[in-house]
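Please read the structure below before turning to the comments.
For the single chain, residues carry numbers from 1 onward in sequence order. What you see is a predicted model; the values in this text were computed from it and never measured.
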Amino acid sequence: MEKIKYYLVNSAILPEVYSKVIEAKNYIATGEADSTSQATKMAGISRSAYYKYKDAIFEYNSEQSDETVTINAKLKDNAGVLSALMSELYRAGANILSINQSVPVNSVADVSVTIRATEMTISQDKLIENLKSINGVNSVKLG
């Protein structure tokens, strides 16, 4: 089986159908279109063109390649502790991608938060310091 090669190409040099396939895929992904038929009509291409290229064309999104960081914390089982942690992440400019929390054992819950850190207004070290200072946060470390 031959290894697949990928190229990053300026869309301006490609045939318009490729951009239209991306447009149709976005209509489906965002829910603007309820079906492939509706998405292809909205994009102005045929369904056959869509199906021919849909699995081979992907839009490059620089945000998807940005730095992601996972923060692991141990939180006391008290009301508002997780909310305070999330508020601190918001103040720092972190974009929260996922949150996983275990059921508390011995009144302590393990929490894992994955963030996009590229737009943060403070350093990661300062963020960890701020998170550790929250009442009810037992420990914080980068994963």
- Message: Looking at Asn106, I want to see if its CG is surrounded by more than 12 non-hydrogen atoms of other residues, nucleotides or ligands under 6.0 Å.
- Response: no
Donor-acceptor pair between [X] and [Y] side chains, under 3.5 angstrom:
| X | Y | answer |
| --- | --- | --- |
| Thr114 | Thr70 | yes |
| Ser37 | Ser35 | no |
| Glu67 | Gln124 | yes |

Closest non-hydrogen atom pair, [X] against [Y]:
| X | Y | result |
| --- | --- | --- |
| Val69 | Ala117 | CG2-CB, 3.9 Å |
| Lys20 | Ala43 | CD-O, 2.9 Å |
| Thr40 | Ser46 | CG2-O, 4.1 Å |
| Met42 | Ala33 | SD-CB, 3.9 Å |
| Ser133 | Asn130 | OG-O, 2.7 Å |

- Atom CD1 of Ile45 and atom OH of Tyr53: how far apart are they, to the nearest 0.5 Å? 10.0 Å
- Task: Nearest 0.5 Å please: distance from the CG atom of Leu127 over to the CG atom of Leu131.
- Result: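 Leu127 CG to Leu131 CG: 4.5 Å, rounded to 0.5 Å.
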Same cluster or not: are [X] and [Y] linked, directly or through other Ile, Leu, Val, Met, Phe, Trp or Tyr residues, by side-chain heavy atoms under 4.5 angstrom apart?
| X | Y | result |
| --- | --- | --- |
| Met120 | Leu142 | yes |
| Ile134 | Ile122 | yes |
| Ile13 | Tyr7 | yes |
| Phe58 | Val9 | no |
| Val103 | Leu75 | no |

Is the shortest heavy-atom distance from the side chain of [X] to the side chain of [Y] under 4.5 Å?
| X | Y | value |
| --- | --- | --- |
| Ile115 | Ile71 | yes |
| Asp110 | Lys74 | yes |
| Ile96 | Met86 | yes |
| Asn138 | Lys76 | yes |

- So Val113 and Asn100, side chain to side chain contact (heavy atoms under 4.5 Å, CB included) or not? Walk me through it. CA-CA 6 Å; Val113 182; Asn100 295 302; over 6 Å; no
- Message: Pair Lys25, Tyr50 - check side chain to side chain contact (heavy atoms under 4.5 Å, CB included), show working.
- Response: CA-CA 9 Å; Lys25 288 173 73 171; Tyr50 174 80; 3.6 Å; yes
Side chain of [X], backbone of [Y]: donor and acceptor closer than 3.5 Å?
| X | Y | answer |
| --- | --- | --- |
| Thr68 | Arg116 | no |
| Glu23 | Ser19 | no |
| Lys132 | Val137 | no |

- Going through the distances and angles, do Thr36 and Tyr51 end up as a side chain to side chain contact (heavy atoms under 4.5 Å, CB included)? CA-CA 9 Å; Thr36 303; Tyr51 284 113; 3.4 Å; yes
- With respect to Val81, which candidate in Leu85, Asn78, Asp77 satisfies the side chain to side chain contact (heavy atoms under 4.5 Å, CB included) definition? Asn78
- Glu88 with Arg91: basic N within carboxylate O range, under 4.0 Å: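 Salt bridge between Glu88 and Arg91, a charged N being under 4.0 Å from a carboxylate O: yes.
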- Message: Pair Leu82, Val111 - check side chain to side chain contact (heavy atoms under 4.5 Å, CB included), show working.
- Response: CA-CA 9 Å; Leu82 180 58; Val111 175; 4.1 Å; yes
